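Written below as structure tokens is the structure these notes are about.
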Amino acid sequence: MKRLRILVTGGAGFLGSHLCERLVKQGHDVICLDNFFTGSKKNVEHLMDFKNFELMRHDVTFPVFVEVDQIYNLACPASPVYYQYNAVKTVKTSVMGAINVLGLAKRVRARVLQASTSEVYGDPVVHPQTESYWGNVNPIGIRSCYDEGKRVAETLFYDYHRMNKVDIRIIRIFNTYGPRMHPNDGRVVSNFIVQALQGHDLTIYGNGSQTRSFCYVDDLIEGMVRLMNVEGFIGPVNIGNPSEFTIKELAEMVVQKVANGSKLVFRDLPSDDPKQRKPDIRLAKEKLQWEPTIALEQGLDKTIEYFRNIVSEK
Ligand code: NAD
Ligand code: UDP
């Protein structure tokens with residue numbers, strides 16, 4: 001295997017830390033760049049002793065100058081709670097971050113991968129979602145800073161590709177969960193597990209009939225690395241687990257697994273919350289020979305085990 005110099009923006013976050021770990025263990029020289037907004041040094045502290053790992057505090061809204069062969073652009077808060085905290089900053093992170101990594105890729109002739117999202121489909125009316133579907137996105141709602149920011153980032157990736165021949169890859173990530181999600185991250189899997197372990201009631205937004213399709217982190221990272229290294233295919237490509245669950249079904253599974261006496265309580269549904277989401281993964285199967293291997297049942301067990309060690313139980 002050729003040893004590459006690889007930049008991972010957002011490398012101290014949930015997905016970024018798993019990606020850095022995988023690349024470091026493969027022997028690549030990895031630069032993890034992060035402003036520690038939602039990520040933390042703790043997520044990568046186990047990598048600090050490796051000579052082929054470097055941590056750089058930097059904000060992607062400012063240009064960065066490093067000599068690398070590949071760039072994974074993951075920098076962006078992913079939980080609605082955090083991306084809505086400073087919506088303008090979220091847009092800047094997606095848009096200026098994309099311009100800065102694309103400018104770098106152009107200059108040093110690196111291949112650059114964008115971590116895009118199923119949110120580009122908005123509240124989808126096509127189900128399951130195929131890559132050819134253009135989506136149903138509210139441009140002025142509370143999720144728009146994230147959704148539209150990610151859509152413009154895809155536009156920029158394609159325009160740099162067409163105009164400057166930058167070697168791009170775009171992955172559309174569907175809801176992914178696993179160890180190293182922050183306990184206060186606010187996304188549904190970590191919220192439910194932490195609530196259950198602490199013996200609190202599980203907060204279902206709306207009536208819980210909305211659906212999501214949950215992918216375990218190891219499967220997602222495998223798909224991402226395959227896309228980065230495949231020749232002749234740039235995406236966008238959906239990577240996610242097509243097994244679809246209602247949020248109420250997820251809550252019931254967590255309550256049953258943790259068995260701590262929690263009940264389900266119902267809260268207001270935030271505006272523009274997508275009613276259904278499920279990836280069509282035929283393109284990933286065909287182009288990357290990729291499909292998920294870890295079912296929600298199994299992945300939840302591993303994630304619950306992780307949270308048991310970091311949150312104090314009832
Ligand atoms: P995360 O919030 O754990 O990680 C994001 C990382 O980016 C954090 O370490 C954060 O500190 C860093 N960051 C944020 N703004 C930055 C900035 N301006 N400069 C530098 N670093 C910055 O979220 P995650 O789940 O690991 O998501 C990683 C990427 O994958 C994001 O781009 C997200 O949009 C995308 N994604 C994730 C999911 C998912 O389900 N996990 C789904 C779709 C897309
Ligand atoms: N959700 C919920 N309770 C929570 C957190 C989230 O019912 O404590 C719901 C949320 O309204 C959405 C789904 O779970 O319908 C997934 O939410 P998440 O924030 O994880 O991701 P996204 O909406 O971006 O897919």
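Only this structure's heavy atoms are used, side chains among them; waters, hydrogens and symmetry mates stay out. Ligands are counted one by one from 1 in listed order, and the atoms in each one are counted from 1 as well. As the structure is a computational prediction, the values presented were derived from the model and not from experiment.
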Close-contact set for ligand 1 against Asn175 heavy atoms, below 4.0 Å: 40 (O)
Numbered atoms of ligand 1 (with element) below 4.0 Å of Gly39, judged on heavy atoms: 8 (C), 9 (O), 10 (C), 11 (O)
Applying a strict 4.0 Å limit to heavy atoms, is [X] in contact with ligand 1?
| X | answer |
| --- | --- |
| Gly97 | no |
| Lys150 | yes |
| Tyr146 | yes |
| Arg187 | yes |

Aromatic plane relationship, Tyr121 with Tyr133 - under 30° parallel, 30 to 60° tilted, over 60° perpendicular: parallel
Under-4.0 Å heavy-atom contact with ligand 1, by part of His58 that carries it: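 Looking at His58 and ligand 1, just backbone atoms fall under 4.0 Å.
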For ligand 1, the portion of Phe36 having any non-hydrogen atom under 4.0 Å away: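 Only the backbone of Phe36 comes within reach of ligand 1.
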Is there any N or O on [X] that sits under 3.5 Å from an N or O of ligand 1?
| X | result |
| --- | --- |
| Asp59 | yes |
| Thr93 | yes |
| Phe37 | yes |
| Ser118 | no |

Would you call [X]-[Y] a salt bridge at under 4.0 Å N-O?
| X | Y | value |
| --- | --- | --- |
| Lys51 | Asp49 | no |
| Arg212 | Asp273 | yes |
| Arg172 | Glu154 | yes |
| Glu131 | Arg282 | no |
| Lys89 | Asp59 | yes |
| Glu305 | Lys257 | no |
| Arg151 | Glu148 | yes |
| Lys275 | Asp123 | yes |
| Arg5 | Asp29 | no |

Enumerated ligand 2 atoms positioned under 4.0 Å from heavy atoms of [X]:
| X | value |
| --- | --- |
| Asn175 | 21 (O), 22 (P), 25 (O) |
| Ile204 | 7 (O) |
| Arg187 | 19 (O), 20 (O) |
| Pro80 | 19 (O), 24 (O) |

Sole residue of Phe307, Tyr216, Phe245, Tyr306 in ring-ring contact (aromatic ring centres under 6.0 Å, His included) with Tyr177: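 Exactly one pass, corresponding to Tyr216.
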Side-chain donor-acceptor contact under 3.5 Å, Thr211 with Glu244: yes
Flag for Asn175-Arg277: side-chain donor and acceptor within less than 3.5 Å: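 The criterion, which ignores hydrogens and geometry beyond distance, is satisfied for Asn175 and Arg277.
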Validation row: Ile281, Glu291 side chains within 4.5 angstrom (heavy atoms):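 When only atoms from C-beta onward are counted, Glu291 and Ile281 do touch, with a gap below 4.5 Å.
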Side chain proximity check, Trp290 to Leu227, heavy atoms < 4.5 angstrom: no
Counting non-hydrogen protein atoms only, what is the nearest one to [atom]? Give residue, atom name and distance.
| atom | answer |
| --- | --- |
| atom 3 (O) of ligand 1 | Phe14 N, 2.9 Å |
| atom 11 (O) of ligand 2 | Asp273 OD2, 2.6 Å |
| atom 13 (C) of ligand 2 | Ile247 CD1, 3.6 Å |
| atom 8 (O) of ligand 2 | Asn191 ND2, 2.8 Å |
| atom 29 (C) of ligand 1 | Leu74 O, 3.3 Å |
| atom 42 (C) of ligand 1 | Ile173 CG2, 3.5 Å |
| atom 19 (N) of ligand 1 | Val60 N, 3.0 Å |
| atom 20 (O) of ligand 2 | Val188 N, 2.8 Å |
| atom 1 (P) of ligand 1 | Thr38 OG1, 3.7 Å |
| atom 27 (O) of ligand 1 | Ala78 CB, 3.7 Å |
| atom 7 (O) of ligand 2 | Tyr205 N, 2.8 Å |
| atom 12 (C) of ligand 1 | Asp34 OD1, 3.3 Å |
| atom 3 (N) of ligand 2 | Thr203 O, 2.6 Å |
| atom 17 (C) of ligand 1 | Asn35 ND2, 3.3 Å |

Nearest non-hydrogen atom to [atom] belongs to which of [options]?
| atom | options | answer |
| --- | --- | --- |
| atom 14 (C) of ligand 1 | Cys76, Ala12, Ser94 | Cys76 |
| atom 26 (O) of ligand 1 | Thr176, Leu15, Val8 | Leu15 |
| atom 24 (O) of ligand 2 | Arg212, Arg277, Arg143 | Arg143 |

Arg3 atom CZ, over 12 foreign heavy atoms within 6.0 Å: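 Yes, the 6.0 Å shell around CZ holds more than 12 heavy atoms from other groups.
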Within-shell test, Ser79 vs ligand 2, heavy atom, strictly < 4.0 Å: no
Full working for side-chain hydrogen bond (donor to acceptor under 3.5 Å, both in side chains) between His46 and Glu21: CA-CA 9 Å; His46 62 296; Glu21 181 173 324; 2.8 Å; yes
Pro270-ligand 2 polar pair, N/O distance under 3.5 Å: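 Such a contact does not occur with ligand 2.
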Atom of Ser94, atom of Ala153 and distance for their closest heavy-atom approach: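 Here Ser94 and Ala153 meet closest at O-CB, 3.9 Å.
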Flag, side chain of Asn100 to backbone of Met96, donor-acceptor distance under 3.5 Å: yes
